[in-house]
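Just below is one structure, and these are the notes that go with it.
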Amino acid sequence: MKVTFWLLDVNSESKEGAVELWIWGIDQAKNRVLIVDHSFQDYFYVVVKDDADPAKVADRIRREMGDAVGKLETVERRYFGVPVQAVKVYCRDKGKVAKLVRSLEGVKECLEDDIRVSIRYLIDNNVVPCSWHIVEATAEENVLQVRADKVYAANSPPVLLDKTEAPQLRTLSNYLTAYSHEGSPKPDRNPVIIISTVTGEGKEKQFSADEDKDDKQIIQEFSNYVKTYDPDLISGYGTNTKDWNYLRDRCKSLKLKLALDRACSTPHTSVYGHKSLTGIVNLDLADFADQFPEVKVKTIENLADHLGVMILENRTVVEDVDLAAYWDNPEKRATLKQFALDNAHCIKDITAALLDFAMQLSALVSLPLDHVMTAAAGFRTEWFLIKRVQKLGELIPKRIEQPYLSYAGGLVLKPKPGLHEDIAVLDFKSMYPNLMIAYNLSPDTYLLPDQKTPAGGFYEAPEVKHRFRKEPPGFYKEILTYLIGVRANIRSQMKNLGRDTVEFRVLDARQKAVKVITNAAYGYAGWIGARWYRKPVAEAASAWGRYTIQTAIQMAEKEGLQVIYGDTDSLFTTYDEKKTAALVKEIKQELGLEVETAQRYVRVFFTEAKKRYAGLFPDGSLDIVGLEVMRGDWSKVAQKVQTGVLKIILKEKSPEKAAAYVQAEIAELRQRKTPFRDLIIWKTLTKPVEAYEVNASHVEAAKALKAKGWKLAVGDKVGYVIVQGEGQLYKRVKPYIYASYGEVDVEYYVSKQVVPAAARILESFDIDEKMLLAQKGKTEKEKSLLEFAGS
DNA sequence: GCGGAGGGAGTACCG
DNA sequence: ACCGGTACTCCCTCCGCG
């Protein structure tokens with residue numbers, strides 16, 4: 001019979017030496033199905049030495065390996081664009097076989113023995129996660145005892161269908177609360193007290209260790225609930241690094257088996273640090289957070305706020321330090337439970353907001369939904385390349401350890417400091433991808449210095465002189481052309497749709513996914529961890545980029561436009577309707593690259609520094625770039641004051657008024673009227689606390705937290721305030737959760753936060769830190785401000 | 001023994 | 001565990017200082 005299904009998850013199982021592919025899906029009648037494919041033959045390649053006969057190498061493999069290998073095929077492939085002869089070796093234990101075969105005569109190397117079988121299956125059969133397929137299959141008894149409505153054996157591999165909309169998934173969002181009197185809860189000692197869940201339809205269920213219940217019972221109840229509700233997708237926040245480990249370890253202490261997935265097995269660690277639940281998509285929303293660089297401290301609250309899904313604006317947030325006290329206090333316990341439930345709701349809503357993108361990215365790069373978000377950008381790009389490049393006969397290189405070598409990147413111009421009126425920002429559209437297309441820059445087109453000139457000729461990059469063959473097109477060119485085309489196509493479709501339609505949302509998610517991969521191709525080529533690492537590819541792209549921007553500057557100046565600033569692929573110039581249009585046209589003609597006037601500023605402000613400026617848009621909004629306002633490691637109070645200063649400068653052009661504003665804010669701060677929260681400074685721990693070479697504030701704060709029993713991991717953000725005291729700054733640091741407003745060193749915030757942030761801007765108008773700091777009475781202040789005005 | 005200069009460590013940004 | 005270019009703060013060593 002034929003089964004049409006949407007692919008949810010895939011895993012491989014070893015059964016008596018044979019491999020089975022388990023494909024989990026949802027069919028058109030909304031049955032949850034498991035399709036088992038027994039027929040897939042795993043394989044790897046043996047690349048043959050240039051002077052060796054592949055047939056003889058194949059014979060040798062057969063003779064030496066005997067039954068350990070199955071079918072052998074001699075094939076032609078390409079490796080970094082160079083044609084090679086290879087033997088395709090079908091076998092069960094390819095890692096082991098490849099190791100043995102490597103030393104045989106005539107063998108150059110073994111390739112693709114490091115590709116996992118489940119991924120191999122997806123790629124070779126063009127089976128795509130988060131997509132619809134049709135498969136010829138035979139219904140089977142559920143002898144495997146899995147949680148599925150139907151179980152089938154596949155008679156042939158599934159065939160991809162051109163059908164886009166995803167089925168309605170059953171989702172369950174969870175928030176785990178564990179009890180600890182001091183510091184982070186420890187699973188061997190501290191119980192789980194609340195498990196809060198919300199389904200995709202909004203049905204709440206909270207398992208709470210009240211009265212007569214212990215955590216063994218609530219974990220069991222939760223586990224049973226998962227089995228009855230049978231979610232397709234489970235989401236949480238920080239679950240891969242925390243919750244699942246906690247549950248696992250807690251269950252170990254309680255002698256409980258945590259078996260809630262569709263194959264009744266325990267969550268297990270998979271690639272990229274992901275926790276795998278067989279047959280269920282396990283999403284950790286923390287893996288999505290890097291999509292939102294504007295959210296500096298990645299808490300559930302902040303993410304929900306940013307996405308506009310926070311349910312209650314004035315809810316009581318229970319900090320980790322206060323959690324035990326809330327639980328122990330009969331009057332406060334309900335508040336804690338409400339807080340936990342609200343978090344589960346936030347997780348549900350964040351999941352809904354991000355799922356489209358995740359699905360599109362999963363389908364695009366062909367990694368299962370729950371792997372794709374955990375995988376770092378480089379790996380996502382790599383899997384996409386692997387899938388596309390197979391079709392061109394290109395073999396997949398191994399990841400090899402390489403020494404790091406730096407190279408020159410983009411060109412950054414010195415800005416013209418001060419205020420500028422009516423400025424246009426010209427941006428090269430997808431500059432690096434388009435340069436790589438234009439000059440056929442690709443890992444498989446690069447000519448080594450000693451390689452002779454190819455018949456079709458070559459492109460030579462400026463400055464660095466790397467050469468790339470013109471013909472045939474490299475795989476970067478093919479892939480990037482495809483991606484840019486797809487994105488343009490999607491965006492034109494979107495123009496005919498309402499913003500709030502399902503189709504628009506899905507297309508928008510898809511174009512974002514396509515963009516992510518397009519933009520990562522350049523960085524990928526220069527990444528030493530890349531399988532297709534080719535430094536000259538990245539180096540040539542940036543060299544062409546510098547050449548391009550320099551040429552564009554000359555064109556602008558010849559046109560009579562003044563260049564104010566530029567960074568890598570952008571130019572800030574004075575605006576003149578005709579001249580600007582002429583420049584855009586000339587760039588297109590001479591350089592073959594598209595330029596768009598991305599923005600126009602009514603007014604824009606620069607200091608002497610690169611990568612830091614602020615502009616005023618025609619609609620009255622501010623665009624602040626690089627300055628303290630944009631940085632998560634400055635206190636809110638400093639950011640607020642700097643924003644105020646920029647607003648006054650850009651809109652009213654009045655440094656005097658701005659200075660007066662700063663002084664008023666300083667007065668507020670000195671009276672401790674500024675909210676305590678606005679004084680917190682957040683910094684990331686980028687290594688273990690012991691590994692730091694010099695003393696640093698955030699490290700001291702981290703040590704203090706650890707001393708109190710808090711677990712801190714690399715990558716965590718530490719929030720601290722500066723308190724009164726003697727000596728270096730790092731000796732006057734307190735984690736904000738343990739600090740009171742009374743001990744805060746307000747003068748630090750005045751002199752090292754607010755004033756520098758304000759002076760950064762105002763020094764351009766001859767108002768320095770001293771003037772901002774000058775203590776004076778009301779009349780005197782006004783007098784001195786008048787002096788500024790007069791000078 | 002002390003203060004300031006300047007290099008280095010550390011973080012986070014821009015494109 | 002995608003790249004290089006950049007700004008900025010604070011730590012810490014070292015040098016001069018009759």
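In what follows, every chain begins at residue 1, and chains take the letters A, B, ... in the order their sequences are listed.
- Residue side chain A:Arg631 reaches the base of B:dT11 through a donor-acceptor N/O pair under 3.5 Å, judged by distance alone.
- Nucleic acid contact class of A:Lys414 (heavy atoms, under 4.0 Å, all strands): none.
- When distances run from any side-chain atom of A:Thr684 to the nucleotides B:dA12, C:dC2, B:dG10, the shortest one goes to B:dA12.
- No contact: A:Trp532 has no heavy atom under 4.0 Å from any strand.
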Task: Chi angles and distances behind the side-chain hydrogen bond (donor to acceptor under 3.5 Å, both in side chains) call for A:Asp284, A:Trp244 - done: CA-CA 10 Å; A:Asp284 182 349; A:Trp244 287 119; over 6 Å; no
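- In this structure, the nucleotide among B:dA12, C:dC11, C:dC10 sitting nearest to the side chain of A:Gln728 is C:dC11.
- Nearest nucleotide to the A:Asp569 side chain, out of C:dA7, B:dG15, C:dC11: B:dG15.
- Using a 4.0 Å heavy-atom distance criterion, A:Ser542 is classed as making no nucleic acid contact.
- In terms of phosphate contacts, A:Lys611 brings no side-chain nitrogen or oxygen within less than 4.0 Å of OP1 or OP2 of B:dC13.
- Under the 3.5 Å distance criterion, with hydrogens and angles disregarded, a donor-acceptor pair is assigned to the side chains of A:Gln728 and A:Lys731.
- Using a 4.0 Å heavy-atom criterion, one finds that A:Phe606 contacts no nucleic acid atom at all.
- Within 4.0 Å (heavy atoms only), A:Tyr404 reaches sugar-phosphate atoms of the nucleic acid but no base atom.
- The nucleotide whose nearest atom lies closest to any side-chain atom of A:Ala609 is, among C:dC8, C:dC3, C:dC2, C:dC8.
- Each of B:dG15, B:dT11, C:dC10 was ranked by its minimum atom distance to the side chain of A:Tyr748; first place goes to C:dC10.
- Nucleic acid contact class of A:Arg760 (heavy atoms, under 4.0 Å, all strands): sugar-phosphate only.
- Listed nucleotides C:dC10, C:dC3, B:dT11 differ in distance to A:Leu729; the shortest reach to its side chain belongs to C:dC10.
- The nucleotide whose nearest atom lies closest to any side-chain atom of A:Pro756 is, among B:dA12, C:dC8, C:dT9, C:dT9.
- Remark: A:Arg388 fails to qualify as a cation-pi partner of A:Phe475 under the 6.0 Å distance and 45° angle criteria applied to the six-membered ring.
- Using a 4.0 Å heavy-atom criterion, one finds that A:Tyr613 contacts the sugar-phosphate atoms exclusively.
- Counting only distance, with no hydrogens or angles, the side chain of A:Ser366 and the backbone of A:Ser362 share no donor-acceptor pair below 3.5 Å.
- Nearest to the side-chain atoms of A:Tyr407 among the listed nucleotides B:dG10, C:dC3, B:dG15 stands C:dC3.
- Salt bridge A:Glu665/A:Lys640: present, at least one basic N to carboxylate O contact under 4.0 Å.
- Side-chain proximity of A:Lys752 to the nucleotides C:dC11, C:dC10, C:dG5 is greatest for C:dC10.
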